[in-house]
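These figures come from a predicted structure and were not determined experimentally. Numbers restart at 1 for each chain; the letters A, B, ... are given by sequence-line order, proteins then strands.
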2 protein chains.
Amino acid sequence: MSTRTAHTRADYVAAALAIIDEHGLAGLTTRSLGDRLGVHGTAVYRHFPNLDELVEAVLNEVIGRIADATEPADDTPRARLTAIMVATRRAFAEHPNIIVPFVSSRGMFPRGLEITNRVLTDLAAMGLSGRELAEALQMLESYLIGSIAFDYAGAPDHLEIRRVRRRMLAHEAFDPLTRSAEQIGELNEAAFALGCIALLDMCERLAAS
Amino acid sequence: MSTRTAHTRADYVAAALAIIDEHGLAGLTTRSLGDRLGVHGTAVYRHFPNLDELVEAVLNEVIGRIADATEPADDTPRARLTAIMVATRRAFAEHPNIIVPFVSSRGMFPRGLEITNRVLTDLAAMGLSGRELAEALQMLESYLIGSIAFDYAGAPDHLEIRRVRRRMLAHEAFDPLTRSAEQIGELNEAAFALGCIALLDMCERLAAS
DNA sequence: ACCTGAACACCGTTCAAGT
DNA sequence: ACCTGAACACCGTTCAAGT
């Protein structure tokens with residue numbers, strides 16, 4: 001009498017994320033998904049209209065975790081904004097294979113919009129409004145997306161290192177800076193922090209004017 | 001005796017770019033490419049080892065045009081940097097369907113490296129060196145990629161407007177700002193310029209320290 | 001040197017059918 | 001309500017063969 005529980009949407013999302021993490025976005029197919037869940041490949045269509053919507057649900061899940069993890073903060077708006085940006089970048093460091101569809105989606109799913117609204121609230125608390133508020137949002141979002149894409153998208157670690165080095169080596173100044181993966185990771189981190197400071201400074205300048 | 005000239009690599013690149021512009025990246029297949037050139041679908045393999053390399057050649061071509069168009073400048077390093085960033089962003093506005101593979105490639109092709117090296121030269125002329133030079137490059141590149149992706153990637157115009165509006169409407173401040181496509185385009189442009197100023201200011205600060 | 005034609009192993013998706 | 005099985009039109013790529 002043990003009722004074999006049927007799969008839920010959440011099961012498919014979890015399986016899809018695992019496959020994408022392990023084998024890349026191209027590794028996610030209806031058949032690979034079915035295999036992992038012990039189910040026929042076409043069973044996904046009982047839960048999602050197509051694979052693209054599954055991927056969007058995966059994005060929503062990953063971004064949702066950021067939203068939950070950075071919830072409350074008795075801090076300045078600027079500190080909260082920095083925390084959200086750092087947390088988002090970190091989340092994609094763990095799931096680099098999902099960055100390409102994320103860039104295409106531009107955060108247009110429920111939990112993404114939730115974070116966008118939180119950023120807007122913080123920017124408003126910094127004294128921005130109207131057109132300047134919109135411009136500030138755009139600046140921060142562009143930089144965040146670009147940093148994520150630049151730092152993690154498109155390649156497994158060792159490949160990335162090789163590629164980054166190839167580029168760096170073209171200019172003498174880089175050779176001593178990029179000898180190891182750690183150095184590259186550190187440099188990426190520092191550059192990201194610097195950009196956040198520069199852009200948030202600009203936000204404050206806009207608020208003051 | 002009219003010798004029918006065979007196709008060259010450049011022919012395939014031009015055809016591929018036209019198809020991508022008209023029908024999106026997914027519209028580019030070996031068969032659609034063959035049809036456009038009046039040739040069998042498998043003929044591409046005489047010129048490129050696979051489709052990914054064709055797409056990389058397309059990226060190289062598009063970026064190469066930017067490199068050629070922004071060549072000389074009797075200007076300050078900062079003005080040259082701004083010009084390169086604006087020109088790159090504009091080039092992708094004309095070829096939005098190519099942004100996703102560009103993000104994955106991270107500029108790792110000949111003409112992309114050429115531009116990267118030019119940026120490095122200008123940053124060095126601003127007084128940056130060593131680790132700060134590397135960080136400055138990373139900041140600018142991330143912001144540029146992100147702005148391009150945020151402003152143009154993933155959707156034809158009318159779709160983009162609908163999506164952007166849907167998001168904007170979630171916050172009261174945006175409704176009056178984003179009534180038309182022109183307003184959105186203007187806002188994107190202004191936000192991009194602002195971010196460039198913020199990041200280049202930071203570069204100067206780094207150079208001065 | 002460039003292209004054709006047939007073939008291969010794969011895709012996403014549909015739909016009738018099962019429980 | 002969820003899943004199976006067969007089928008469809010479509011992929012990228014290989015390879016022997018043509019000129």
Revision key, fill the gap. Whether each nucleotide of nucleotides 6-19 of chain C has a protein heavy atom under 4.0 Å at its base (B), only at its sugar-phosphate (S) or at neither (-) is summarised, 5' to 3', as BB---BBBB-----
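The distance from atom NE2 of B:H47 to atom P of C:dA1 is 12 Å, rounded to the nearest whole Å. As rounded to whole Å, 16 Å separates atom P of C:dA1 from atom CZ of B:R9. The interatomic distance linking A:D35 (CG) with D:dC3 (C1') rounds to 15 Å, in whole Å.
A:L199 places a side-chain heavy atom less than 4.5 Å from the side chain of B:L199. Side-chain contact check for A:R111 versus A:E114: some heavy-atom pair is nearer than 4.5 Å. For the pair B:R131 and A:E186, the minimum side-chain heavy-atom distance is below 4.5 Å.
Separating the CD atom in A:E132 from the CG atom in A:L128 is a distance of 6.5 Å, to the nearest 0.5 Å. One distance of note links CD1 of B:I63 with CZ of B:F109; it measures 4.5 Å at 0.5 Å rounding.
A donor-acceptor contact closer than 3.5 angstrom is absent between the side chains of B:R80 and B:T121.
Base-pair partner of C:dC15: D:dG5 (Watson-Crick or G-U wobble, both distances under 3.5 Å).
Side-chain nitrogen and oxygen atoms of B:H7 include none within less than 4.0 Å of the OP1 or OP2 phosphate oxygen of C:dC2.
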